[in-house]
Asks: 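Supplied in structure tokens, the structure appears directly below.
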Amino acid sequence: MSVSSHADTNKSRQGQASAHGPLDRLLTFIDLHPLYILALIMVLGIAVSVAMNLESLPPDINAGENDSWWSIALNLVHGHGYSLCLTRYFPFCGPSNQVTAAREPLPVFLFAAVARLSGGSLWAATFVEFLIYLAVLILIYVLTREWASTRAALFAAFLWALYVPAIELIPQVSGDLLSALLVTVGILFTLRARRSHRVRDWLFAGLGLGLAVVARSGTLVIAAIVIAGVFLESWRTRLGFKETIRAPLILSSLVILLMMPWVIRNKIAFGRPVLGSSLIGYNLYRHNYMLGTSDYFRYVGGEEGLSAIQALVARRTDLTGQENEAQMDLVYRGEALQIIRSHPVQYLSLSAYRFLPLWFNWGYFSSYDVPMKSEDKAIMVYQGALLILALIGLIGNMKRAWPLWGSILVITLVYMAVDSQLLYLMPVMPLVMSLSAVGGTNLIGKLFPSTQRSAA
């Protein structure tokens, strides 16, 4: 090699060192002061959430899902029981027929307590949602640090601090942020218990997963996949019978125990048990009623859904007009399943299509005749980046991180089968961000190998 070639090589190396130097120093500082950086990320999350919600304040009783969750909470406080009447879902509800199971109990009771203490202040409920949002940020950090690195944990918290769909939920009373918090707790302690084998950790895991189910019943599939996965993992390690069934038994017992009061209450109120929400049948019918037509690849908006329900009621002359929510749930389910059985290929195709509205809100806004804003397009790009980075984060981590990706996969498949919009992914978005952060830090390490030396 010539002298000039050696000189060029040395210049190139010096240039790379110079280029990587500031990045190395920044990452080293982050590694040495993680709690300081986490505090800064929390300040960022507070600033962004306040700035983004200024136009949504004061909170509106009709914004988002406030007219359901908050209305039930207020009815409880005012002595009207666990009641709600939204005729767009249940056309026969009225003063004598408004006992509801449309919304899960844990968020309702939480916000009923807030309403009682605050005199029915929606501002107070908004503040509680804000605290839940910040608690999720901290838990994402703890979760990611549990199975990956401190650097990835900080990156995951940063991703949540900028997550617009979660921030937009703060002035809306619902079970979505609460379920994200509880699922994160459940998966965090599942990861911890797999390492420690302590009963205490399994108990906390079961509490998190069980409470998540009574906050958003769709998360029942997360509890199921975790229980099944823990059992298979224990069985494959050839532990004794007692050790193999101990963890699955603790988890399943707690989930069932926490669900049973709600199931029993619904049995007493409606004459039959409702496992999760009485809206499942409604959603199944609304979002599959158009199977058998040439125009079925779409998200069914509110007005179209209302027209479909009205047409169904007009056609079903056997209905008395006194049906409660559980009875109408059976009507919706029966009609939906009949349509699905008649058009199985179209149903499978539509279910596959629903991946797009579930992960990107694709077609959601057009179904309501609302133009997409630049913010909505930015969210789609953000979701795409999170998904790609999460897939990268799985490389080499399939076994270690199966509670995370298994939960994400199963809830994705369940909602694709019924009804899909980005909101429904909220319970598992902290898990997505944990994987995405690991993928992002691994990608940086590949692009800039020198930064790996200080990774914690």
Asks: With rounding to the nearest 0.5 angstrom, report the OG1 to CD1 distance, T190 to I222.
Replies: 10.5 Å

Asks: Just to verify, what does Y415 make a ring pair (Phe, Tyr, Trp, His ring centres under 6.0 Å) with, not counting sequence neighbours?
Replies: Y424

Asks: Looking at D419 and R286, is any side-chain nitrogen of the basic one under 4.0 Å from a carboxylate oxygen of the acidic one?
Replies: no

Asks: Can you sort out the partners of F231 under ring pair (Phe, Tyr, Trp, His ring centres under 6.0 Å), two or more places apart, ordered by chain and number?
Replies: none

Asks: Ignoring hydrogens and geometry, is there a side-chain-to-backbone donor-acceptor pair from N66 to V173 under 3.5 Å?
Replies: yes

Asks: Going by the ring-ring contact (aromatic ring centres under 6.0 Å, His included) test, which pairs reach into residues 287-307, not counting sequence neighbours?
Replies: H287-Y299, F297-Y353, Y299-Y364

Asks: Assess whether atom CZ of R116 is packed by more than 12 heavy atoms of other residues, nucleotides or ligands within 6.0 Å.
Replies: no

Asks: More than 12 non-hydrogen atoms from neighbouring residues, nucleotides or ligands closer than 6.0 Å to CZ on F204, yes or no?
Replies: no

Asks: List the residues meeting side chain to side chain contact (heavy atoms under 4.5 Å, CB included) with I250, not counting sequence neighbours, and say none if there are none.
Replies: V199, W202, L203, R246, L254

Asks: Quick one: pull up CG in L423 and CE in M429 and give me the separation to the nearest 0.5 Å.
Replies: 12.0 Å

Asks: Any donor and acceptor pair, going by atom type alone, linking the side chain of E129 with main-chain N or O of S174 inside 3.5 Å?
Replies: yes

Asks: For E65 and W70, does a side-chain donor sit closer than 3.5 Å to a side-chain acceptor?
Replies: no

Asks: Begin from the C-alpha positions of Q383 and Y163 and carry the test side-chain hydrogen bond (donor to acceptor under 3.5 Å, both in side chains) through to its verdict.
Replies: CA-CA 9 Å; Q383 286 291 124; Y163 193 54; 2.5 Å; yes

Asks: Please test R272 against E325 for salt bridge (charged side-chain N to carboxylate O under 4.0 Å, His left out), starting from the C-alpha separation and ending with a verdict.
Replies: CA-CA 11 Å; R272 78 173 187 86; E325 286 189 5; over 6 Å; no

Asks: Considering only heavy atoms from C-beta outward, does the side chain of N266 approach that of P273 to under 4.5 Å?
Replies: no

Asks: Would you mind reporting whether Y332 and L284 have side-chain heavy atoms less than 4.5 Å apart?
Replies: no

Asks: Any chance you could measure N442, atom CG, to L389, atom CG, to the nearest 0.5 Å?
Replies: 10.0 Å

Asks: Tell me if a side-chain donor or acceptor on E104 pairs with a main-chain N or O of S217 at a distance below 3.5 Å.
Replies: yes

Asks: Does the side chain of S68 come under 3.5 Å of the side chain of R103 through a donor N or O and an acceptor N or O?
Replies: yes

Asks: Among pairs that include at least one residue of residues 138-159, which meet ring-ring contact (aromatic ring centres under 6.0 Å, His included), considering only residues two or more places apart or in two chains?
Replies: none

Asks: Is there a donor-acceptor pair closer than 3.5 Å between any side-chain N or O of S83 and the backbone N or O of H80?
Replies: yes

Asks: Check R88 with E303, please: is the shortest side-chain N to carboxylate O separation under 4.0 Å?
Replies: no

Asks: For a quick test of reading the model, state the closest non-hydrogen atom pair linking A417 to R354 and the distance between them.
Replies: O-NH2, 3.4 Å

Asks: Begin from the C-alpha positions of S196 and D201 and carry the test side-chain hydrogen bond (donor to acceptor under 3.5 Å, both in side chains) through to its verdict.
Replies: CA-CA 8 Å; S196 70; D201 291 333; 2.6 Å; yes

Asks: With no hydrogens and no angle check, is any side-chain donor or acceptor of S149 less than 3.5 Å from a backbone partner on A152?
Replies: yes

Asks: Is there side-chain contact between M259 and L275, with heavy atoms separated by less than 4.5 Å?
Replies: yes

Asks: Would you please test R316 and E335 for salt bridge (charged side-chain N to carboxylate O under 4.0 Å, His left out) and show each step?
Replies: CA-CA 10 Å; R316 287 289 299 265; E335 292 283 342; 2.9 Å; yes

Asks: Do the non-hydrogen side-chain atoms of Y36 and I41 ever get within less than 4.5 Å of each other?
Replies: no

Asks: Tell me if a side-chain donor or acceptor on N397 pairs with a main-chain N or O of G393 at a distance below 3.5 Å.
Replies: yes

Asks: Between S434 (side chain only) and P430 (backbone N and O only), is there a donor and an acceptor less than 3.5 Å apart?
Replies: no

Asks: Test your reading of the model: is there a side-chain donor-acceptor pair from S436 to the backbone of L386, 3.5 Å cut-off?
Replies: yes

Asks: Given salt bridge (charged side-chain N to carboxylate O under 4.0 Å, His left out), test E146 with R194 step by step and report yes or no.
Replies: CA-CA 11 Å; E146 179 68 32; R194 289 167 66 218; over 6 Å; no

Asks: Go through I309 and Y282 one step at a time and tell me if the side-chain contact (heavy atoms from CB on, under 4.5 Å) criterion holds.
Replies: CA-CA 9 Å; I309 296 303; Y282 164 84; 3.8 Å; yes

Asks: Residues in ring pair (Phe, Tyr, Trp, His ring centres under 6.0 Å) with W362, at least two apart?
Replies: none

Asks: Are the side chain of N288 and the backbone N or O of Y285 linked by a donor-acceptor pair below 3.5 Å?
Replies: no

Asks: Heavy-atom count check: over 12 atoms from other residues, nucleotides or ligands less than 6.0 Å from E55 CD?
Replies: no

Asks: Hey, what do you get for CD (Q172) to CG (D67), rounding to the nearest 0.5 Å?
Replies: 10.0 Å

Asks: Any donor-acceptor pair under 3.5 Å linking the side chain of N97 with the backbone of F92?
Replies: yes

